[in-house]
Protein chains: 2
Amino acid sequence: MTATFIARHKQTILYGILLALLLFLLKWLELRLLIIHHSFEIYAGIIALLFTGVGIWLALKLSRPKVQTMVIEKEVYINNFSPFTFNEGALSQLNMSRRELDVLQLMANGLSNQEIADQLFVSLNTVKTHSARVFEKLEVKRRTQAVEKGKRMGLIP
Amino acid sequence: MTATFIARHKQTILYGILLALLLFLLKWLELRLLIIHHSFEIYAGIIALLFTGVGIWLALKLSRPKVQTMVIEKEVYINNFSPFTFNEGALSQLNMSRRELDVLQLMANGLSNQEIADQLFVSLNTVKTHSARVFEKLEVKRRTQAVEKGKRMGLIP
DNA sequence: ATCAAAATCACCCTAAAGGATGAGCCTTAT
DNA sequence: ATAAGGCTCATCCTTTAGGGTGATTTTGAT
C-alpha cells in the first residue's frame with residue numbers, strides 16, 4: 001500500500017525534495033554571500049521570481065498535452081500477381097488475432113458461420129464474435145467486404 | 001465541476017500539500033537546531049508557495065494548450081496491376097445474362113442486395129431473383145462462394 | 001504473481017440473405 | 001403471331017448474418 005503510493009507519486013515527491021534543496025541553497029546563499037545587507041524586499045523579489053519560474057516549469061511539466069490525431073492516408077500498391085505474400089505489417093497494424101484471421105480465411109472460402117464453427121471446433125456464437133471483431137478492425141459491414149478488403153491487404157490469398 | 005478540477009490537477013494539489021509539509025519540516029528543523037530569526041523564512045516560504053501558485057496559474061492561463069499532433073499513417077491498400085482478362089467462354093457456357101453478371105460484379109464489391117438494387121435502379125426482389133439465378137448457374141449456395149468462383153472463372157476482376 | 005489480452009460461449013433481437021413460386025412485360029427469333 | 005428468353009416485381013417463408021452485451025476461462029507478458 002505505502003510502497004505503491006510512493007511508486008505512483010514518485011515524481012511528485014521528487015519535486016518536493018528538489019524544492020527543499022532549493023530552499024536550503026537559498027539559505028546557504030543568504031548566509032555566505034549576500035550577508036543580509038540587502039533589504040527584505042530584494043530577497044522576496046528573488047524568491048518570488050524564482051518560484052514563479054518553478055511554478056511555470058511545474059505546470060508545463062505536469063500539464064498533459066492534448067493529443068490531436070491526424071490521419072494521413074498513404075497509398076500502398078499491392079501486386080496480387082504473386083503467389084501471395086502475407087502482409088505482416090497490415091496484420092500487426094490492425095491488431096488482428098490469429099483466430100480472427102482464421103475466421104476471415106474460412107469466410108473467404110465461402111463458408112457459412114456454422115461451417116466455420118464446425119471446422120474450427122468452436123460454437124457458432126464464437127465464430128460470430130470473431131467475425132464481428134474482424135468487421136470492426138477492417139472497418140467493414142459485411143463478410144463480402146471483409147473478404148474483399150482482406151485480399152487487397154494481403155491478409156489472405 | 002469542482003470534482004473534475006480536483007481530478008485533473010490532482011498532482012499539482014498533491015505537490016502543494018507536500019511542499020507545505022516540507023516547509024513545516026524545514027521550520028521545525030530550524031527551530032530545533034539553528035534557532036535563528038524566524039520571520040524571514042516564514043515570509044520566504046509563504047512567498048515561495050504563493051508565487052509557485054502564480055507561476056502555475058500563469059503557465060496554465062497564458063500558454064496555449066499544448067497540442068501534440070500525432071500523425072497516423074493509415075495505409076490504403078490499392079490493388080494496382082491486375083491483368084483481368086474477361087472469360088467470354090465461361091460466360092456463354094454458363095448461360096449467364098448481362099444483368100446477372102452485373103449483380104455478381106456488385107456482389108463482389110461487397111454491396112448488399114439493397115445497395116445493388118439502388119445502384120441498378122431496380123427493386124430488391126429483382127436483385128434477389130438475379131442472385132438466385134447466379135447461384136444456380138455457378139452451382140453455389142452463398143454470395144461469398146459466388147464471388148470466389150466468379151473470380152476464379154474470370155467472370156469478374 | 002498479477003494484470004491484460006485473447007478466446008470462448010450465451011442470449012436476445014434485428015437485418016439481410018436465400019428458396020420457392022407465380023406473374024406481367026419487352027425484345028427477338030422463328 | 002407466337003414462342004422463348006430475359007428482365008422485372010411480388011409474396012411467403014426459412015435460414016443466416018450481424019449488433020449488442022455480458023461472462024468465464026486461457027494464455028501471455030511483465
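Quick note on labels: first sequence line is chain A, next is B, and so on, each numbered from 1. Since the structure is predicted, the reported quantities are computational estimates derived from the model, not experimental observations.
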Describe the nucleic acid contact of Asn125(B) in one word from base, sugar-phosphate, nothing, applying a heavy-atom distance below 4.0 Å. base

Confirm from the modelled atom types if Thr129(B) and dC7(D) form a donor-acceptor pair under 3.5 Å, side chain to base only. no

Rounded to the Å, how far apart are His130(A) NE2 and dT8(C) P? 4 Å

Side chain Ser97(B) and base dC7(D) donor-acceptor under 3.5 Å: no

Salt-bridged, Arg142(A) to Glu115(B), with N to O below 4.0 Å? yes

What is the distance, rounded to the nearest whole Å, between atom CZ of Arg143(B) and atom C1' of dG18(C)? 10 Å

Check every strand shown and say whether Thr126(A) touches a base, only sugar-phosphate, or nothing at a heavy-atom separation below 4.0 Å. base

Any side-chain N or O of Arg99(A) under 4.0 Å from OP1/OP2 of dT8(C)? yes

If you check the Arg142(B) side chain, which of dA10(C), dG18(D), dA17(D) turns out closest? dA17(D)

One would report the end-axis bend of the helix from dA1(C)-dT30(D) to dT30(C)-dA1(D), five pairs per end and rounded to 10 degrees, as 50°

Could you go through Thr126(A) and Thr129(A), starting from their C-alpha distance and side-chain angles, then the distance that decides it, and tell me whether this counts as side chain to side chain donor-acceptor pair (under 3.5 Å)? CA-CA 5 Å; Thr126(A) 303; Thr129(A) 307; 5.9 Å; no

Rounded off to whole Å, could you give me the NZ-to-C1' distance for the Lys128(B) and dC13(D) pair? 10 Å

